[in-house]
Amino acid sequence: MGRELRPGTRVVRSARALPPGEGTPVAPPLVQSVAFDYRSAAGQDGVFGGDRSGYVYGRYGTPTTAALEAALADLEGTAAAICFTSGMAAIAAFVDACAISTGGRVVAQEDSYGQTRALFERWVRERGAKITFVDATDVAAVERALAEAPTALLYVEAIATPLLRVTDIAALAKAAHARGAKLAVDATFATPLLVRPASLGADVVIQSLTKYINGHGDVMGGSVAGNADVAKAMRDRTILDGAYLPPHEAWLCIRGMRTLDLRVRKQCENAARVATHLVGHAKVARVRYPGLASHPQHELAKRQFGGLFGGMVTFDLKAANKDAAFRFLDSLELTASATTMGDLWSEVLYPAISSHRRVAPEERARLGITDGTLRLSVGIEDAEDLIADLDNALTRV
Ligand SMILES: Cc1ncc(COP(=O)(O)O)c(C=O)c1O
């Protein structure tokens with residue numbers, strides 16, 4: 001400009017960029033900037049038009065969120081990943097774009113995460129969506145459902161809550177593809193450490209980043225990983241629907257993700273110890289853990305999860321009533337009674353009052369959830385302390 005700027009102008013424009021210097025940061029830069037300044041209108045035009053890579057506005061992509069997206073795509077083994085403000089935002093964006101918005105039929109796992117199922121049921125009620133719910137652990141039942149009518153999407157979870165049922169991703173991918181449908185797998189409970197669904201034929205992998213990937217209970221986020229077409233469709237969703245993961249959340253998530261391997265391995269080890277301890281406990285009727293030989297999909301879990309069985313353990317109290325469950329929950333000292341999972345610390349969920357509160361008692365019974373069913377997300381604490389905490393609470397039941 002050639003003219004000396006006055007302080008009022010200088011402060012407004014101050015510290016836009018970090019001073020250059022040798023050395024690459026080992027932690028990623030947190031770029032909070034919502035907008036990006038262009039020296040060249042033609043360059044800006046090229047980025048808006050998709051001919052050049054770059055950033056234009058917070059909903060279109062931010063460098064820090066993009067760093068997380070690249071890391072997730074690498075982890076999932078997909079061409080790309082797009083991040084959303086929550087797991088539910090990711091699920092809603094993908095399933096709507098892939099099937100519901102164009103009238104495509106969906107075959108969905110009947111015991112999907114409660115809010116996923118509630119969302120799908122709302123779409124059936126409000127938008128006339130064609131969604132058929134099936135037992136996704138029964139491949140023949142899925143094949144029959146797929147054969148009933150043309151289907152755009154088969155939607156399943158790698159490990160479903162709260163009974164920790166395991167789906168056969170390779171077999172389901174084959175079944176979906178044989179009918180021209182895509183397979184989407186919500187792998188939140190399994191994490192990319194147990195399984196990378198894309199390597200088994202899944203077209204899309206969904207994660208609630210809120211859980212194991214971040215793992216520190218301080219971020220909500222979700223991701224959709226898939227090919228370039230999926231990424232393009234999801235980018236369109238973040239731009240128009242607006243649920244794009246902001247940079248600070250992405251930064252925290254990258255930080256959390258760096259210890260995913262350590263955390264999940266320890267959680268699996270602790271969960272196996274807790275599950276083995278609870279089997280045969282005088283106050284416990286049944287233990288569900290994919291690592292136990294008694295688990296209905298134990299052989300599949302062994303084959304599919306590479307020797308890990310996850311950090312979740314579900315068990316039924318012999319006293320299958322609310323009073324007993326409340327006494328148990330109120331007596332826990334270390335384990336948090338909290339409606340989430342996958343964090344560093346142990347957490348317990350009581351489905352009858354939380355995730356399955358709105359599910360009719362007959363349907364709950366059909367699914368195998370009693371008033372004594374409790375779901376534990378095992379943390380990285382010392383296993384002995386955790387077991388002592390559970391034992392102490394069980395004595396009060
Ligand atoms: C398997 C599964 N998928 C998706 C979600 C939704 O994720 P979020 O809570 O980040 O919206 C959850 C939440 O508990 C979940 O358990």
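Hydrogens, waters and symmetry mates play no part in the numbers below; they use all other heavy atoms, side chains included. Whatever order the structure lists ligands and atoms in, that order sets their numbers, starting from 1.
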Mind telling me whether Phe36 and Tyr55 have parallel, tilted or perpendicular rings, with 30° and 60° as the class edges? tilted
Using a distance-only test with no angle check, is there a side-chain donor-acceptor pair under 3.5 angstrom linking Thr151 and Arg105? yes
May I have a table of the N/O to N/O pairs between ligand 1 and the protein that fall below 3.5 Å, each row giving the two atom names and the distance to 0.1 Å?
residue	atom	partner	partner atom	Å
ligand 1	3 (N)	Asp186	OD2	2.6
ligand 1	7 (O)	Ser208	OG	3.1
ligand 1	10 (O)	Gly87	N	2.9
ligand 1	10 (O)	Ser208	OG	2.8
ligand 1	10 (O)	Thr210	OG1	2.6
ligand 1	11 (O)	Gly87	N	3.1
ligand 1	11 (O)	Met88	N	2.9
ligand 1	14 (O)	Lys211	NZ	3.2

Group every Ile, Leu, Val, Met, Phe, Trp and Tyr by side-chain heavy-atom contacts under 4.5 Å, then state whether Met312 and Val166 land in the same group. yes
Go through it in stages, so that I can follow the logic: the residues are Arg396 and Asp330, the test is salt bridge (charged side-chain N to carboxylate O under 4.0 Å, His left out), and I'd like the CA-CA distance, side-chain angles, deciding distance and then a yes or no. CA-CA 9 Å; Arg396 313 291 164 90; Asp330 292 347; over 6 Å; no
Under the 6.0 Å and 45° cation-pi test, does Arg117 pair with Phe133? yes
Using a strict 4.0 Å threshold on nitrogen-to-oxygen distance, state whether Glu347 and Arg375 make a salt bridge. no
